[in-house]
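To keep things clear, I will list the structure first and then write my remarks on it.
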Amino acid sequence: MNRSTLLFALACAAPLAHAAPDLSTVAERSGFQHTGRYAEVEQLCARFQQAYPKAVRCFEFGRTPEGRPMLALAVSRTGALTPAQAKARGLPVLLVQGGIHAGEIDGKDAGFLALRQALDGQAAPGALDKQVLLFVPVFNIDGHERFGQWNRPNQRGPVAMGWRTTAQNYNLNRDYVKADAPEMRAMLALVNAWDPLAYIDLHVTDGAKFQPDVSIQVEPVHGGDAELMRSGVALRDAVMADLKRAGSDPKPFYISFAVNDEPQSGFEDSMAAPRFSTGYFPLRNRFACWSKPTRGRITRPASASPATPSSRCCRRSPCTAARGRRRPAPPTCAPPRWPAAPCRSATRPPAAPR
């Protein structure tokens, strides 16, 4: 009797023991009204490794000034989950980073969603067979945990979010070439170890309202090695074409006036200084892509080219669904057409802060 009872109990427990861990985010479960705290990143990092032990490695690459672990996920179907393995197999590495400005946190939630879809074969089929993806969900972790509902009162969601600068008041997207912040030094050590071919820096508009739904900037386009610039232009054009096919209305520059508060001055497409992410990585002869969506709807291209990590690397964030605790959603989710405006090219830092 006891044996039968024990066998029955074990049979009932077996499905529970092998149940797949929950890989959804607070953002998804709340209809993209909320974002989780950093504890969720720690849990998801471990759960992804548990769910895909041959394709995901969760690891710590540094500590913040307040003692929090800086986590990254190495993801590949090739079995190469360390820098030495990637180098030995000649695999390109793509680094995707969220939360450098922790109030602009859609990239964290979008990244986990996109990662799950890619691992399940629902997005970018075959891409993880030919490269290594490094995903850093949150770069400015201490700023992320300075959580509040009024950190960005003009921004359409989430209900509460983190802070722009670090606990030591560093703006990490002004620190690449200086490397004053401990977090930046840890990030650059990660970059030195993995030597990513391409880098994506995920931002969100800080309350600014644009008719186009996403701005991207790709470098080198405006300066740097001549051959790499040609590849940079090809990458930028391919990204724009992908986004347009998905129904997006992208612009290949940040939508700010060349002269503040003077609409007649037009828009300025400029190359950032090396203290910015998109100015720093071209100095390493690597590609950089900076993405800044507004919030209106979810778009994702039907397929992604797996050719190289720099091919189609700047996807529209899939987690920029309309949010609206403070403001109603727009009456339609279709991207409105935007009349052409003058666009100037420059080789100096942008006129407006990002």
Side-chain angles (χ1 to χ4, degrees), residues 25 27 35-42 44-45 48 58-75 93-112 114-115 133-147 151-152 158 161-196 198-206 217 272 274-281 284 286 288-293 313-314 317 319 353-354:
T25 63
T35 191
R37 302 295 294 268
Y38 193 67
E40 179 190 39
V41 172
E42 297 179 87
L44 285 173
C45 193
F48 267 90
C58 171
F59 65 97
E60 179 179 329
F61 66 94
R63 285 267 162 172
T64 71
E66 293 186 341
R68 296 183 177 92
M70 301 180 70
L71 297 177
L73 294 88
V75 186
V93 177
L94 169 65
L95 172 59
V96 179
Q97 170 193 285
I100 190 171
H101 295 151
E104 305 170 29
I105 204 56
D106 288 25
K108 173 193 68 176
D109 299 317
F112 278 121
L115 183 59
L133 168 66
L134 279 185
F135 177 44
V136 177
V138 182
F139 185 9
N140 177 15
I141 299 161
D142 290 344
H144 184 281
E145 290 304 280
R146 187 177 171 180
F147 217 66
N151 287 348
R152 291 183 173 225
M161 71 287 288
W163 194 253
R164 182 178 181 85
T165 57
T166 71
Q168 296 178 323
N169 208 33
Y170 285 113
N171 183 338
L172 292 176
N173 201 27
R174 306 294 186 273
D175 196 41
Y176 277 88
V177 77
K178 298 189 291 94
D180 288 333
E183 294 97 328
M184 183 58 72
R185 292 194 290 272
M187 175 61 71
L188 295 182
L190 181 76
V191 169
N192 287 336
W194 286 89
D195 189 22
Y199 160 89
I200 306 177
D201 188 10
L202 300 174
H203 293 250
V204 182
T205 55
D206 184 9
Q217 289 182 300
R275 62 195 183 114
F276 293 84
S277 61
T278 51
Y280 174 77
F281 278 88
R284 304 178 69 109
R286 298 294 181 262
C289 174
W290 174 92
S291 172
K292 195 146 190 160
C313 77
C314 303
S317 162
C319 289
R354 300 179 301 177

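When a residue number appears, it is its place in the shown sequence, counting from 1.
Between the CG atom in Leu44 and the CZ atom in Phe112 there is a gap of 4.5 Å [rounded to 0.5 Å]. Note that CD1 of Ile141 and CE of Met70 are 5.0 Å apart. Values are rounded to the nearest 0.5 Å. For the atom pair His101 NE2 and Phe139 CZ, the distance stands at 10.0 Å (nearest 0.5 Å).
For Arg68, the side chain to side chain donor-acceptor pair (under 3.5 Å) test picks out Glu66, Asp142, with sequence neighbours left out. Gln168 meets the side chain to side chain donor-acceptor pair (under 3.5 Å) test with no other residue; sequence neighbours excluded. The side chain to side chain donor-acceptor pair (under 3.5 Å) test applied to Arg185 returns no partner, not counting sequence neighbours. Here Asp195 pairs with Arg286 under the side-chain contact (heavy atoms from CB on, under 4.5 Å) rule; sequence neighbours left out. Taking Glu145 as the reference, Arg37 meet the salt bridge (Lys or Arg N to Asp or Glu O under 4.0 Å) condition, with sequence neighbours excluded. Residues passing the salt bridge (Lys or Arg N to Asp or Glu O under 4.0 Å) test with Arg63, sequence neighbours excluded: Glu60. Take Gln97 and apply the side chain to side chain donor-acceptor pair (under 3.5 Å) test, not counting sequence neighbours, and it matches Tyr176, Tyr199, Asp201. Every residue two or more places apart in sequence or in another chain that forms a side-chain contact (heavy atoms from CB on, under 4.5 Å) with Trp194 is listed here: Arg57, Phe59, Ala74, Pro83, Ala86, Val93, Val132, Leu134, Leu190, Pro196. The side-chain contact (heavy atoms from CB on, under 4.5 Å) search around Ala181 returns Tyr170, Leu172, Asp175, Glu183, Met184, not counting sequence neighbours.
When side chains are defined from C-beta on, Thr64 does not count as touching Tyr38, because their heavy atoms never get closer than 4.5 Å. With contacts defined as side-chain heavy-atom distances shorter than 4.5 Å, the pair Leu133/Leu115 qualifies. A 4.5 Å side-chain heavy-atom check between Phe61 and Met187 finds at least one atom pair inside the cut-off. The side-chain heavy atoms of Leu202 and Glu104, taken from C-beta on, include no pair separated by under 4.5 Å. Between Leu73 and Pro137 the shortest side-chain heavy-atom distance falls below 4.5 Å. By the 4.5 Å heavy-atom criterion applied to side chains, Pro293 and Asp106 are not counted as neighbours. Between Arg174 and Phe276, the closest side-chain pair of non-hydrogen atoms falls below 4.5 Å.
The shortest non-hydrogen separation linking Gly143 to Ala102 is C-CB, 3.7 Å. The shortest non-hydrogen separation linking Pro274 to Tyr280 is O-CB, 3.3 Å. Across all non-hydrogen atoms, the minimal contact from Pro69 to Glu42 is CG-OE1, 3.5 Å. For Ala186 against Gly62, the heavy-atom pair with the smallest separation is CB-CA, 4.1 Å. Across all non-hydrogen atoms, the minimal contact from Ala72 to Cys45 is O-SG, 3.9 Å. The two residues Thr35 and Pro158 make their nearest non-hydrogen contact at CG2-CG, 3.8 Å.
Using modelled atom types, one side-chain atom of Lys108 and one backbone atom of Gly36 make a donor-acceptor pair closer than 3.5 Å. Side chain of Asn140 to main chain of Thr165: a donor-acceptor pair is present (N/O by atom type, distance under 3.5 Å, no hydrogens or angles).
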Can you list the steps and then say if Ile105 with Val204 is a side chain to side chain contact (heavy atoms under 4.5 Å, CB included)? CA-CA 7 Å; Ile105 204 56; Val204 182; over 6 Å; no
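Between the side chains of Asn173 and Arg164, no donor N or O sits under 3.5 Å from an acceptor N or O.
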